[in-house]
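A short write-up of the structure that comes next.
In what follows, chains are A, B, ... by sequence order, proteins preceding strands, each numbered from 1.
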Protein chains: 2
Amino acid sequence: MRIGELHQATGVNIETIRYYEKEGLLAAAARSANGYRNYNAAHLERLSFIRHCRALEMPLAEIKQMLDFVAHPEADCGDINRLIDEQLTRVRVRLRSMHALEKQLSQLRAQCGKSHTAAECGILHELVVAAQGEA
Amino acid sequence: MRIGELHQATGVNIETIRYYEKEGLLAAAARSANGYRNYNAAHLERLSFIRHCRALEMPLAEIKQMLDFVAHPEADCGDINRLIDEQLTRVRVRLRSMHALEKQLSQLRAQCGKSHTAAECGILHELVVAAQGEA
DNA sequence: AGTGACCCTATAGTGACTACAGAGTCAACA
DNA sequence: TGTTGACTCTGTAGTCACTATAGGGTCACT
């Protein structure tokens with residue numbers, strides 16, 4: 001399977017696939033006589049795993065660790081739990097801050113119901129005042 | 001006020017302050033005889049405004065636009081509304097995806113209640129299966 | 001031979017910082 | 001005067017996960 005086919009099969013960009021290979025997440029593919037990469041089913045499986053973990057917004061370094069666990073079935077899975085827990089914590093912290101942010105932005109947006117000049121803009125006024133309150 | 005004092009006053013890193021100056025968000029400070037930057041109250045005010053907008057996760061390019069509106073009180077504030085609306089939309093989209101992500105991670109985490117080996121790990125199993133489902 | 005789709009490597013850019021190297025300045029102290 | 005630690009400067013590079021581009025090769029088809 002050439003790189004374009006692997007892209008079609010997984011939805012991962014060609015350049016990203018090369019990047020993952022360079023970063024050591026994917027094993028280097030065998031090469032055809034013309035220098036083209038030749039991927040096999042194991043690559044497909046591994047890239048899908050990587051892509052799925054990325055969809056969970058896990059950092060590449062941690063995905064590498066997960067892949068190590070896949071490669072070592074005798075390893076203790078406490079560390080897998082820890083990685084997922086850490087990611088879950090990051091996501092929850094992030095969620096809270098995004099909620100607060102949405103609230104702030106909504107309140108800010110409500111300061112200006114009609115179009116008029118910047119001088120009269122409740123949004124700008126609020127931003128300036130808030131900045132002064134913090135200065 | 002020297003750069004360290006501005007940092008103390010706003011909580012913005014010294015290097016970040018220099019970065020903002022380089023990017024044109026902050027006007028270049030006057031220099032003392034020894035080459036040190038000398039900031040005034042206007043800089044303090046402007047940096048606080050920038051920092052507040054950053055706290056709202058607005059991109060720097062948009063903060064620049066907001067600062068232009070502050071500088072031009074006669075301008076129409078419809079564009080300010082638009083910028084805030086766009087940011088609000090981005091945040092809401094992001095919130096939805098973070099919620100879905102939290103749910104997925106929680107479900108994944110629930111696959112493994114006890115420590116055992118990676119071979120038996122429900123989390124890994126689920127990740128591999130999910131990746132195969134998508135491959 | 002020409003052409004378009006595909007592939008290659010190397011390098012640089014994105015956004016918003018952040019760190020580091022090497023050097024100058026300053027005030028306090030011995 | 002010399003030393004020292006805190007502060008400042010510019011320039012450059014690195015972070016993270018991509019993404020784009022330049023310049024060139026390969027391949028199948030016309």
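- Other residues, nucleotides and ligands place more than 12 heavy atoms under 6.0 Å from the NE2 atom of B:His99.
- Salt-bridge check for A:Asp79 with A:Arg82: passed, with a basic side-chain N closer than 4.0 Å to an acidic carboxylate O.
- The interatomic distance linking B:Lys22 (NZ) with D:dG11 (C1') rounds to 9 Å, in whole Å.
- Distance, B:Lys64 NZ to C:dA16 P: 10 Å, rounded to whole Å.
- Looking at which nucleotide of DNA chain C each of A:Ile3 and B:Pro59 is closest to, the 5′-most match is held by A:Ile3.
- Between A:Asn34 and the phosphate of D:dC27, there is a side-chain N or O to OP1/OP2 separation shorter than 4.0 Å.
- When rounded to the nearest whole Å, the span between CZ of B:Arg31 and P of C:dG24 equals 16 Å.
- If you take CZ of A:Arg90 and P of D:dC16, they are 12 Å apart, rounded to a whole angstrom.
- We find that CD1 of A:Ile50 is positioned 12 Å from P of D:dA17, with the value rounded to whole Å.
- In this structure, of D:dT21, C:dC26, C:dA16, it is C:dA16 that holds the atom nearest to the side chain of B:Arg54.
- Between A:Arg37 and A:Glu21, at least one side-chain N (NZ, or NE/NH1/NH2) sits under 4.0 Å from a carboxylate O, which counts as a salt bridge.
- If you check the side chains of B:Thr16 and B:Arg51, you find no donor sitting under 3.5 Å from an acceptor.
- Comparing atom distances between the A:Leu60 side chain and each of D:dA17, C:dC8, C:dA16 picks out D:dA17 as nearest.
- Residue-to-nucleotide contacts include no donor-acceptor pair under 3.5 Å from the side chain of A:Tyr36 to the base of C:dC8.
- Between A:Arg96 and B:Glu102 there is no salt bridge, since no side-chain N of the basic residue sits under 4.0 Å from a carboxylate O of the acidic one.
- Note on A:Asn13: a side-chain N or O is less than 4.0 Å away from OP1 or OP2 of D:dT19.
- As rounded to whole Å, 15 Å separates atom P of C:dG15 from atom CE of B:Met58.
- Closest to the B:Glu15 side chain, of the nucleotides C:dC17, C:dC20, D:dT19, is C:dC20.
- In this structure, A:Arg37 and B:Ala61 both approach DNA chain C, and ranking their closest nucleotides by distance from the 5' end singles out A:Arg37.
- Contact annotation: A:Tyr20 side-chain N/O to D:dA17 OP1/OP2 distance is not under 4.0 Å.
- Atom pair B:Ile63:CD1 and C:dA16:P shows a separation of 8 Å (rounding to whole Å applied).
- Closest approach to the B:Arg2 side chain among D:dT8, C:dT18, C:dC7 is made by D:dT8 (side chain taken as heavy atoms from C-beta onward).
- The side chain of B:Tyr19 lies closest to C:dC17 when the candidates are C:dC17, C:dC8, D:dT10.
- Listed nucleotides: C:dC17, C:dC8, C:dC26. Nearest to the side chain of B:Thr16: C:dC17.
- Atom CD in B:Glu21 sits roughly 12 Å away from atom P in D:dG11 (whole-Å rounding).
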